[in-house]
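To start, the structure under review is shown below, and the notes come after it.
Heavy-atom basis, side chains included; hydrogens, waters and symmetry copies ignored.
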Amino acid sequence: MTASRASDREQLLAWSQRLLQLIEWTDWIAGESNPWTELDPFLVRRRQSGRKHPVLARHQEAECRAITAVALGDGETTSFWHDTWSEAGVLRDALPALYSHCLDVHTTVAEVGAAGGLHDNDLQPRLTAAATADLGLLSDALTAVALQPRPDERWLQGLQSNKVRADDLYAALRTPIGGPALSDINWDSFAPKKVQVFFWILRHGRTKTRGSLHRHGSIDSPDCPFCPGIPEEADHLFVMCPRLQQLWARVMPGGPLLPTTTSAAEALRVWLHDLPPQAANAAVVAVFWVIWKARNAMIFHDELQSAETIARHLQAHLKLWVCRAPTKLDVEPLKLWCQTVVDVN
């Protein structure tokens, strides 16, 4: 961090400390006395407190948003693209291709929810392939979002209450934020964003398996394309399908056979404890990604991939992904692990 950026952050903290002594935190965030109101078209409600407060610079506004999160109520005071309201983080950063095609970047979660998601009239015409892929992932994820008839609540990330003190602001800027089970595997890796969002959807039970599509009336049969008579649910698709036993034996030789996606992901992460955390997390996500791709190859191209073929695809994906890794991260152990997975006789 440069000296000027450090100075800006200290000014922000000092400003926030003074502000919290003057007004209610929830009122400030809601926009009733929020100095962002005049800067950000999203915050349309006029200030009502009557007090005059310093106006945040653009980069300070971004830092304030970076250390706050939202528990959704009605979604009316939460920015769909710029606030942290989903586990994917700020959607502007999670889905950059789709964001670049969005016509109204100041829309609220409530507005998107009322419209049933993003539609053609919300986006630039002729989406790129990357934006189309982002839109598909987003549409799947939004099915899990349920708005409630109560105001949104905002607080500093890492706290359990929206009652904050000045020292909480300092802690928020210095303490990493925790998450639910598998959250670190999901987001603390150098996997591409679309793959991270895929894993997030999987963790929340929203993957469009044949079982799920059948329950919604989209297809006639819920059967696994490899196992007639057995419904294709996530645990079967990614772990218990007999065709995958050789693959799991390659990635975790001698490891336990676990029945669920969550337990399998956790076990693999423990198995790879000798790898740097980011590399191990990327490997776990990559295993589930190539299984999903192999399943789609069967669904859409009638192509049955062997365990060896899937293992080679795993190696190829991670070979590309390591280019995204931090330059100081040692990725050689990951490459060696990939080679052992491929070289099993």
Side-chain angles (χ1 to χ4, degrees), residues 29 31 36 39-44 58-59 61-124 127-148 152-158 172 176-180 182-208 285 289 324:
I29 287 295
W36 300 354
L39 286 176
D40 190 344
F42 162 69
L43 296 171
V44 296
R58 278 293 185 182
H59 66 272
E61 174 190 339
E63 285 203 341
C64 278
R65 284 190 166 177
I67 63 174
T68 61
V70 179
L72 281 180
D74 54 23
E76 292 186 359
T77 60
T78 300
S79 171
F80 182 80
W81 287 108
H82 301 287
D83 275 322
T84 302
W85 59 271
S86 77
E87 198 174 310
V90 179
L91 293 184
R92 175 198 61 213
D93 300 327
L95 304 170
L98 184 60
Y99 177 77
S100 69
H101 288 72
C102 187
L103 296 176
D104 180 9
V105 297
H106 301 294
T107 189
T108 66
V109 175
E111 291 168 341
V112 174
L118 295 179
H119 303 286
D120 291 344
N121 59 338
D122 300 313
L123 303 167
Q124 298 282 357
L127 297 184
T128 63
T132 301
D134 282 356
L135 181 59
L137 291 170
L138 179 63
S139 298
D140 289 343
L142 287 178
T143 61
V145 176
L147 298 179
Q148 305 295 328
D152 300 329
E153 294 184 7
R154 186 183 297 257
W155 67 91
L156 290 177
Q157 296 188 49
I177 306 306
L182 305 186
S183 179
D184 56 339
I185 295 177
N186 201 155
W187 306 113
D188 186 20
S189 78
F190 45 79
K193 281 294 182 182
K194 69 176 182 179
V195 180
Q196 292 179 335
V197 174
F198 150 80
F199 194 71
W200 175 63
I201 292 171
L202 170 62
R203 289 173 51 224
H204 286 78
R206 311 302 297 189
T207 302
K208 288 188 176 180
V285 174
W289 178 246
R324 304 165 54 89

Matching residue for V112 among L138, T107, L91 - test: side chain to side chain contact (heavy atoms under 4.5 Å, CB included):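 Exactly one candidate clears the test, T107.
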
Geometric class of the W81/Y99 ring pair [parallel <30°, tilted 30-60°, perpendicular >60°]: perpendicular

Parallel, tilted or perpendicular: ring planes of W289 versus F198, cut at 30 and 60 degrees: perpendicular

Just verifying a value: how many Å separate [X] [atom1] and [Y] [atom2], rounded to the nearest 0.5 Å?
X	Y	atom1	atom2	result
L123	L98	CG	CG	5.5 Å
L95	K194	CG	NZ	12.0 Å
S139	R206	OG	CZ	12.5 Å
T132	L137	OG1	CG	11.0 Å
L135	H119	CG	NE2	9.5 Å
L127	D120	CG	CG	7.5 Å

Minimum side-chain heavy-atom gap F80-T108 below 4.5 Å: no

Non-hydrogen side-chain atoms of I185 and V285 separated by less than 4.5 Å: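 Result yes, sub-4.5 Å side-chain heavy-atom pair found.
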
Neighbour count above 12 (heavy atom, 6.0 Å) for K193 NZ: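 Result for NZ/K193: enclosed.
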
Candidate pair I201 and K208, rule side chain to side chain contact (heavy atoms under 4.5 Å, CB included), full reasoning: CA-CA 9 Å; I201 292 171; K208 288 188 176 180; over 6 Å; no

Keeping [X] on the side-chain end and [Y] on the backbone end, is there a donor-acceptor pair under 3.5 Å?
X	Y	answer
N186	Q196	yes
D152	T77	yes
D188	D184	no

Which atom of [X] lies closest to which atom of [Y], heavy atoms considered:
X	Y	value
L202	T207	CA-OG1, 3.2 Å
S100	A97	OG-O, 2.6 Å
A141	W200	CB-CZ3, 2.9 Å
D74	A110	O-CB, 3.2 Å
S79	V105	OG-O, 4.5 Å
T143	D140	OG1-O, 2.6 Å

